[in-house]
Every structure is written in C-alpha cells, then in structure tokens.
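One structure is given below, encoded as structure tokens.
One-based numbering, in listed order, for ligands and for the atoms of each.
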Amino acid sequence: MELRKAHSLSFDTMAPIAQRARGTQDLLPADQPYWDAMEGAAKNQAGRFGYQRIETPIFESTELFQRSAGESSDVVAKEMYTFTDRSSRSLALRPEGTAPIVRAYFDAGLDQEPQPVRLFYTGPYFRYDRPQAGRFREFHQFGIEAIGDGSPVIDVEAIVVGWNWFAELEIGGVSLHLNSIGDEVCRPAYRELLREYYRPHLSKLSEESRARFEKNPLRLFDSKDPQDEALKREAPHIVDHLCAPCAEAFRVVKEGLASEEIPYALNPELVRGLDYYTRTVFEYQHASLGGAQNALGGGGRYDGLAAALGYRSTPGVGFAMGLDRTAIALKEAKPAAPTALDIYAVSLEAPDELYVFHLASSLRARGYRVVFDPGPARLDAKLRKAARRGARVALLVGPEEREKQQIVIRDMHAKTQTSVAERELLSTVSQMLGGG
Ligand code: AMP
C-alpha cells in the first residue's frame, strides 16, 4: 500500500494541453451500448436483404467529391475538410459515403458482377459546419447502396431496410417523408417553372435563397428562413410536373410502401442537397430532435452520379442514417442502457487479491464477463461499485471467507446473498445466470 502511494505521488501535475476539437465528441463507455445496438441492427437488417459490408478510406481525392456534388452544393462550397499531402495532392476527409462507394464499385470491378450490387457501411464523416445540437463536424453514418438497377422496387427495398432498422431499435416516432425530384428529362423544365414563379419576388427572398435561385432553385425548398416561408408554400411542386416514366416510378414506390404497410407523408419540400439525386428522395424524421436537425436519415435514387464521376452511366439508390442523432433518439427511448456485465468479483483485502483474480479467470473461461476489483475497501463501497457497473452478481471474498474456503455470492437484483464452498461456485453461478 505504501509503495503504491509513493508511486502515484512521484508524477508532477501539469495543465492539460489539449481539448476536443470543436464539433467532435467522445463516444464514452456509457454511450457504447447504444452504438453497439445501432451497428448490430444495421448488420442484421442489411444482411437480411443481402447487403454486404464495404469500407472505403476516410480520405479521398478532393476531386471525387467536387465532381459528384457539382458546383452548387454546400458540402463542396463550404463544408469540406480538405488538405494537401506531402506530394501536393488535394485530399478531403469524406463528407458523405455514396461517391466513394460508387468509385469503389467501379475500381473493384463490381460492375461486372450480378446486378444490383448491394452494399452497406458504417463509419465517420466530416463536414465543416456550425456545430449545434445534433450537428457535428465529425459524425457517423450507417448507409446502404444498391447499385446497378433502376427499378423503383429497389427504392422501396432501400426504404424498407431503413424503416426496419428503426423498428429493430424500437425508436418510436419516426416518420417517413417522400418526394420525387424527377430526372434530367423533366427537372430542367420544372427548374425553369420554379424560376419563373420566384423571379418577380426575388427582393423578398433571404440572401441565401437568392443565391440558390441562380445556382439550384430546387434548393429554395431547403430554406428554413421564415422570410422565405410564404413564397415556398405557394411554389409549384415537381410531383405535378414529372415526365411519364418518373411519374410511373413514383407510383410504384408509393404502391410498394403501401403494400409493405409503411406509412409515409408526401413532402414536396423534400429535395436533397446533392445534385446527382434523381426521382425518389426520402427522409426519416424524428419529432424529438426538433428544429432544423430533425432528420435521422435520408436517401434517394442517384442515377446521375456514376456519369458525373466519369464512369459508365449506372443507376443506384441508397440511404445514409445519422448515427449521432439516432443515438440521441435511442437514449430518449431507452434511458437505461443495457449492461453486458455478469459478475463483479471483489477482494476485500489485499492478500486475497490474487485468489479472487484467479476465481474470476475460471469464470471467464466459462464465458462470463467478470470484472475484478482489488482490495482493500469497505464492503458497502464495493457493492455500490458493483451496482454502478450493472453487474448481475457480485462475488465477495474477505479474510473470513478465505479461512472457511467460502465465497459470498450476491444477487445484485434481488439483494440477497449466500455463501458457497469454492467447488460449488461454478454451478451456483450458472444457476443464477444461466450458461457457464
Ligand atoms: P446526408 O448525407 O446529408 O443526406 O445526411 C444523412 C443523415 O446524416 C442526416 O439525416 C443526419 O442524420 C446525418 N448528418 C448529416 N450531417 C450531419 C452532421 N453534420 N452532424 C450529425 N449528423 C449529420
């Protein structure tokens, strides 16, 4: 004991040098059960539909994102983390997952395999935006992409995978918003129609919306500025101006969702920030997040992306769920995180430490999760620690138990305890916890 103290005092303390970068977060142990649940449900739901995991690099050439997003996108205009490496290449921390996956699809020759190729992914993404509740500079997404088939039924499939993911997580209050934004045949004419509608009112628009009027008038619907609200409400909707093939595809999507019994709200204001989207767009919203950050995830069809990247024109559809925001909703739905700890093994005095450590090892060998806690300490303090860790069972060994060759086993839920001989430990624990 004296030795330990001397050791810990021998370090000088200094002020910490670094703080977490703005817009980033630490995912602490208490958060992890939620992240495990989101990852587990992602694997499970994507797997059920035959989506296979893919991981692409965290950084890519800046050009990949510039080309995919076109000139008008906010992500490219002001949100990308770019840097120049030692060979003077311009690289970017990925702001989104779809363009890299389409690149990988062609790089790896997946376009030669039976189509569509179904892929899923989880990982970190980076956007330099003003941080606020539910908006981070490093955030995480679970996404799927089905590349190589233009059928609107694959759009339905993607939406169902996402819907089932929320259902498995038991997050209530998710609403699905749906729209079609047409394609290269009908969208240009609609864009002009929208400009004609807005042109006489330009002076009434917010500055941001005036810029969008020039670059990408569809994004006028993205405005959250109250100043733009009245005009937005009366604006023509693209769903009323779809070409025949787009209208038919949209009909199939709606019919598919109805037959899968997935409720949706038609939302003519739903347009995606990136230019390569065509036809179906959708978003999963959650009331509790409120305000501008109420989207837990979204996606759509992106038949224009492959060609924008210089590849053979290839249809695709997918979604990206925001895990950081979903974690917020999940914590609200399930405030008590499930714990994975079976046993908390306590040595009450230092001389018994190795003995208890060894008992813990023999329980781990049977598959239990066991935390060892060295002595010395008071029993009540140890039990508080065991409860805090969420252990279902505590083992207690003090000098008295050592003398009688016994172990105290405490049921942490029932708050009852018994003493057993060492040789009965495994059978008693397995009766209490199952398995072993
Ligand atoms: P997007 O890639 O923009 O379609 O975003 C898909 C989902 O990712 C959104 O619905 C959000 O849940 C999440 N997301 C996007 N940007 C951020 C961010 N900066 N911070 C946290 N979550 C984000």
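No heavy atom of G23 sits closer than 4.0 Å to any atom of ligand 1. The shell of residues lying under 4.0 angstrom from ligand 1, judged by heavy atoms, includes L296.
Using a 3.5 Å distance cut-off with no hydrogens or angles, the side chains of Y51 and E157 do pair a donor with an acceptor.
A salt bridge links E229 with K232: the distance from a Lys NZ or Arg NE/NH1/NH2 to an Asp or Glu carboxylate oxygen falls below 4.0 Å. Between R103 and E145 there is no salt bridge, since no side-chain nitrogen of the basic residue lies less than 4.0 Å from a carboxylate oxygen of the acidic one.
Taking the six-membered ring wherever Trp is involved, the centroid distance between the rings of Y198 and F213 does not fall below 6.0 Å.
Here atom 1 (P) of ligand 1 lies nearest to R127 when heavy atoms of E96, R127, Q25 are compared. The heavy atom nearest to atom 20 (N) of ligand 1, considering only F142, F136, Y125, Y128, is found in F136.
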Quiz item: How far apart are the C-alpha atoms of R251 and E248, what are their side-chain angles, what is the distance that settles it, and do they pass the salt bridge (charged side-chain N to carboxylate O under 4.0 Å, His left out) test?
Solution: CA-CA 5 Å; R251 187 194 65 74; E248 171 59 11; 2.9 Å; yes

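Each of the atoms 9 (C), 10 (O), 11 (C), 12 (O) of ligand 1 lies under 4.0 Å from some heavy atom of A295. Near A320, meaning under 4.0 Å from one of its heavy atoms, ligand 1 places the atoms 6 (C), 7 (C). Close approach to G134 involves these atoms of ligand 1, each under 4.0 Å from a residue heavy atom: 20 (N), 21 (C), 22 (N).
Considering all non-hydrogen atoms of both residues, E260 and V160 come closest at CG-CG2, 4.0 Å.
Geometric assessment of R137 against the ring of Y128 yields a positive cation-pi assignment under the 6.0 Å and 45° thresholds.
Distances between N or O atoms of G298 and those of ligand 1 include no value under 3.5 Å. Of the polar atoms of Q141, at least one N or O is found under 3.5 Å from an N or O of ligand 1, judged by distance alone.
At a heavy-atom cutoff of 4.0 Å, ligand 1 is contacted by no atom of D129, backbone or side chain.
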